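As C-alpha cells, the structure follows; a few thoughts come after it.
The analysis underlying the following values was restricted to heavy atoms, covering all of them including side chains, and did not include hydrogens, waters or symmetry mates. Chain letters run A, B, ... following the sequence lines, proteins first and then strands; every chain starts at 1. Treat the numbers as computed from the prediction; the structure is a model and nothing was measured.
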Amino acid sequence: MERVWIEDLGKFVGKEVEVRGWLFNKRSSGKVRFLIVRDGTGFLQVVMIKNDLAPEIFNLYDQLTYEDAIIVRGVVKREKRAPGGYELLLTDLKIHSKSLDTYPIPKVRPENIPDVGKLFKFRHLWIRSRKQWSILRIRDEVERAIHDFFGSRKFVRFDPPIFTPASVEGTTTLFPVPYFEEGEVYLTQSGQLYLEAGAMALGKVYSFGPTFRAEKSRTRRHLTEFWMVEPEVAWATLDDIMDLAEDLIVYIVERVLENRRMELEILNRDISRLEAVKKPFPRITYDDAAKILLEEKEKGRDIDFTYGEDFGSDEETVISERYDRPVMITRYPRKIKPFYMKPDPEDPTKVLCVDVIAPEGYGEIIGGSQREDDYEELIRRIREEGLPEEEYSWYLDLRKYGSVPHSGFGLGIERTVAWVSGASHVREVIPFARTPERVRP
RNA sequence: GGGUCCGUAGCUCAACAGGCAGAGCACCCGGCUGUUAACCGGGGGGUUGCAGGUUCGAGUCCUGCCGGGCCCGCCA
C-alpha cells in the first residue's frame with residue numbers, strides 16, 4: 001500500500017492508501033465517526049463506519065485525543081461534504097504515540113483562541129494550527145518567489161557576512177558579539193555595503209538572510225531578528241531599481257495568489273485587495289506626500305507631522321489609504337537619510353531614495369536608494385556623520401577603482417508576508433519571533 | 001525611551017457596591033449511522049501571579065514586587 005501526503009490525495013481517488021499524521025480534531029454521531037488528520041501538507045477528514053470496521057479498530061476512536069500521532073489507512077473518496085473535497089474511508093487505524101497531557105491550546109472554538117501575544121509561549125505547538133500553518137506556507141511561497149524572480153533575471157546570490165565590525169546606519173543600535181582579539185563585533189543590520197562590492201564584481205547581485213537590530217521597538221512591525229532580501233545593481237539609477245521593486249512585488253503577489261489561494265481563504269484574506277496589486281504603482285515625492293498630509297490635516301484628521309521629518313507609521317497609513325496598491329515615495333530630505341545615499345542633482349537637499357509603503361497600513365516594506373558614487377563626496381559625508389573613516393576604507397575603494405552609478409534596496413520579508421497574508425503582527429509570520437522581551441521558545 | 005491595559009481551572013472568560021469562586025472549551029464517563037471548529041447528559045479539576053496591609057469578612061480596596069498584552073517613537 002502506498003503511503004501518501006494529504007496534498008497529493010487527489011491522485012489516488014478509489015485507491016487504498018496510508019496517511020501518517022496527527023489527530024487535529026474528532027467528532028462522532030454514534031456509529032459514524034470522523035477524524036480530522038493533519039500531516040503538515042494538509043487537513044483530511046477520515047470516516048469511521050461501525051459496520052465496516054472490526055470493533056477493536058472502531059473503538060480506538062474513544063482513546064484518541066488532540067495531537068496523538070496516528071497512522072490511518074483507507075480508500076480515497078471525492079466528497080463534497082468533506083473539507084478539502086476528499087475524504088478517507090477508514091480501513092485501519094494505528095495510534096503511533098499518545099499525547100501525554102491535555103493539549104494546552106484550545107483548537108475547537110473560535111471564541112477560545114487566546115490573544116496572539118499570549119500564544120507565543122506555545123509557539124512550538126501553535127504553528128500546528130490552521131492559520132499559522134497557512135501563514136508559514138505563504139512565507140515559504142514569498143521566499144521561493146523572490147529567489148525565482150532574481151534567478152530568472154540572472155542575479156547572482158551573494159551572501160554578505162553576519163559578523164560586521166561597523167554599523168551601516170550609524171543611528172540604529174547594534175547587537176555586540178565577543179570576537180577573539182578583536183574584542184567586539186556586531187551582528188549585521190544590512191548587507192548593503194558588502195553588496196555594493198558584490199555588484200562591482202558580479203553586476204547584479206542579491207542577498208537573502210537574517211539581520212539584527214537591537215532596537216527596543218515594541219510594535220506590530222518590529223522584530224530584533226528579521227529577514228531581508230537586498231538586490232544591488234551596477235549602473236542602475238533610482239528609476240531602474242524602482243522598476244525592479246515594482247516588478248518584484250507584483251511577482252510575489254501573483255505567485256501567492258496562484259499557489260496559496262487555499263491558505264489565503266483559511267486566513268479570510270480579502271483576495272480582491274491583492275488582485276489590485278498591478279503595475280504601475282503610484283510614484284510620489286516626499287514633498288507630494290507632505291502635501292497629502294497637509295490636506296488631510298485640513299480635513300480635520302489628527303496628524304502630527306513637521307515638514308523635513310520622517311513619516312511616522314500613522315502618516316504612512318494616511319498616505320497609503322489614497323491608493324489600492326503599494327505607493328512609492330521618493331526624494332526624502334537628505335538629513336534624515338543615511339550617508340551613502342546620493343543627493344538629487346536637481347535639489348541637493350533631497351536624496352535619490354525610495355520607500356515603498358504597503359497598502360492597508362502595513363507600512364514600509366522597502367527602503368532603497370541610488371548610492372553616492374563620488375569618492376570625495378562620500379568621504380565628506382562619512383566625516384560629516386562622524387563615522388570611523390578607517391572602517392570604511394574598503395568601501396571607499398569601490399569609488400576609487402572604477403566607480404559607477406549603482407542602486408539597490410532592501411525588502412523586509414516579515415512585513416511583506418504580514419501584508420500579503422493579512423497577519424496582524426510580524427511576529428506571526430516568522431516561525432520563532434525574536435523581540436526585545438521574548439527569545440523563547 | 002514614552003503612553004496605556006491586564007494577571008481567576010490546561011485555554012478563553014464571568015463573579016453588581018467587599019459577603020459560599022462559576023461557565024464554555026479541553027480531559028474522563030455515557031448517548032447518537034454523515035459530522036462540518038457537531039450535538040445531548042453526567043463527572044473530576046482552583047494557593048484567584050507573589051508579599052504585605054485595611055476589614056468581622058478581600059478575586060474585589062491599598063502598597064510593593066514579578067509576569068504579560070496593546071499603541072507610539074526608531075526602522076525593514
For the pair A:F163 and A:Y186, evaluate ring-ring contact (aromatic ring centres under 6.0 Å, His included) and give the outcome as yes or no after the intermediate values.
CA-CA 6 Å; A:F163 292 138; A:Y186 306 96; over 10 Å; no

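Atom-to-atom, NZ of A:K26 to P of B:A26 comes out at 10 Å; the value is rounded to the nearest Å. Rounded to an integer number of Å, the gap from CG of A:D314 to P of B:C70 is 17 Å.
A sub-4.0 Å separation between OP1 or OP2 of B:U36 and a side-chain N or O of A:R130 is absent. Side-chain N/O atoms of A:S313 include one lying less than 4.0 angstrom from OP1 or OP2 on B:C72.
The ring-ring contact (aromatic ring centres under 6.0 Å, His included) search around A:F409 returns none, not counting sequence neighbours. In this structure A:E143 satisfies the side-chain contact (heavy atoms from CB on, under 4.5 Å) test together with A:R139, A:F208, A:I413, sequence neighbours excluded. Annotation: ring-ring contact (aromatic ring centres under 6.0 Å, His included) contacts of A:F150 (sequence neighbours excluded): A:F155, A:Y206. Applying the ring-ring contact (aromatic ring centres under 6.0 Å, His included) test to A:F432 and every residue at least two apart in sequence or in another chain returns nothing. Looking at residues two or more places apart in sequence or on another chain, you find no ring-ring contact (aromatic ring centres under 6.0 Å, His included) involving A:Y323. Remark: A:A69 engages A:W22, A:H96, A:S97 in a side-chain contact (heavy atoms from CB on, under 4.5 Å) (not counting sequence neighbours). For A:T317, the side-chain contact (heavy atoms from CB on, under 4.5 Å) partners are A:E321, not counting sequence neighbours. In this structure, the side-chain contact (heavy atoms from CB on, under 4.5 Å) partners of A:Q63, at least two apart in sequence or on a different chain, are A:L60, A:I95.
Rounded to whole Å, the separation between the C1' atoms of B:G2 and B:U60 comes to 31 Å. Between B:C11 and B:C50, the distance separating the two P atoms is 15 Å to the nearest Å. Comparing B:C28 with B:U48, their C1' atoms are spaced 25 Å from each other, to the whole Å. B:U47 and B:C56 are spaced 23 Å apart, taking the C1' atom of each and rounding to whole Å. For the P atoms, the distance from B:C32 to B:G41 is 16 Å, rounded to whole Å. The P atoms of B:U8 and B:C13 are separated by 9 Å, rounded to the nearest whole Å. Using atom C1' as the reference point in both B:U54 and B:C29, the two lie 47 Å apart (nearest Å). Between B:G34 and B:G42, the two C1' atoms lie 26 Å apart (nearest whole Å).
Under the 6.0 Å cut-off for aromatic ring centres, A:Y286 and A:F311 qualify, their centroids lying closer than that.
Residues in residues 12-25 of chain A take part in these salt bridge (Lys or Arg N to Asp or Glu O under 4.0 Å) pairs, two or more places apart or across chains: A:E18-A:R20, A:E18-A:R73.
RNA chain B lies under 4.0 Å from at least one heavy atom of each of the following residues of residues 221-231 of chain A: A:R221, A:H222, A:L223, A:F226, A:M228.
Here A:D287 pairs with A:K350 in a salt bridge; the nearest charged N to carboxylate O distance falls below 4.0 Å.
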Listed pairs, N/O of protein and of nucleotides 31-35 of chain B, under 3.5 Å:
| residue | atom | partner | partner atom | Å |
| --- | --- | --- | --- | --- |
| B:C32 | N3 | A:G30 | N | 3.0 |
| B:C32 | N4 | A:S28 | OG | 3.1 |
| B:U33 | OP2 | A:K31 | NZ | 3.4 |
| B:U33 | O4 | A:N51 | OD1 | 3.4 |
| B:U33 | O4 | A:N51 | ND2 | 2.2 |
| B:G34 | O2' | A:R81 | NH1 | 3.0 |
| B:G34 | N1 | A:E87 | OE2 | 3.0 |
| B:G34 | N2 | A:Q45 | NE2 | 3.2 |
| B:G34 | N2 | A:E87 | OE1 | 2.6 |
| B:U35 | O2' | A:R27 | NE | 3.4 |
| B:U35 | O2 | A:R27 | NE | 2.6 |
| B:U35 | O2 | A:R27 | NH2 | 3.4 |
| B:U35 | N3 | A:Q45 | OE1 | 3.0 |
| B:U35 | N3 | A:Q45 | NE2 | 3.1 |
| B:U35 | O4 | A:Q45 | NE2 | 2.7 |
| B:U35 | O4 | A:R81 | O | 3.4 |

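Within 4.0 Å of A:G312, counting heavy atoms only, lie sugar-phosphate atoms of the nucleic acid but no base atom.
Stem regions annotated for RNA chain B: B:1-7 with B:66-72, B:10-13 with B:22-25, B:27-31 with B:39-43, B:49-53 with B:61-65, counting only runs of 3 or more consecutive pairs of Watson-Crick or G-U type with both contacts under 3.5 Å.
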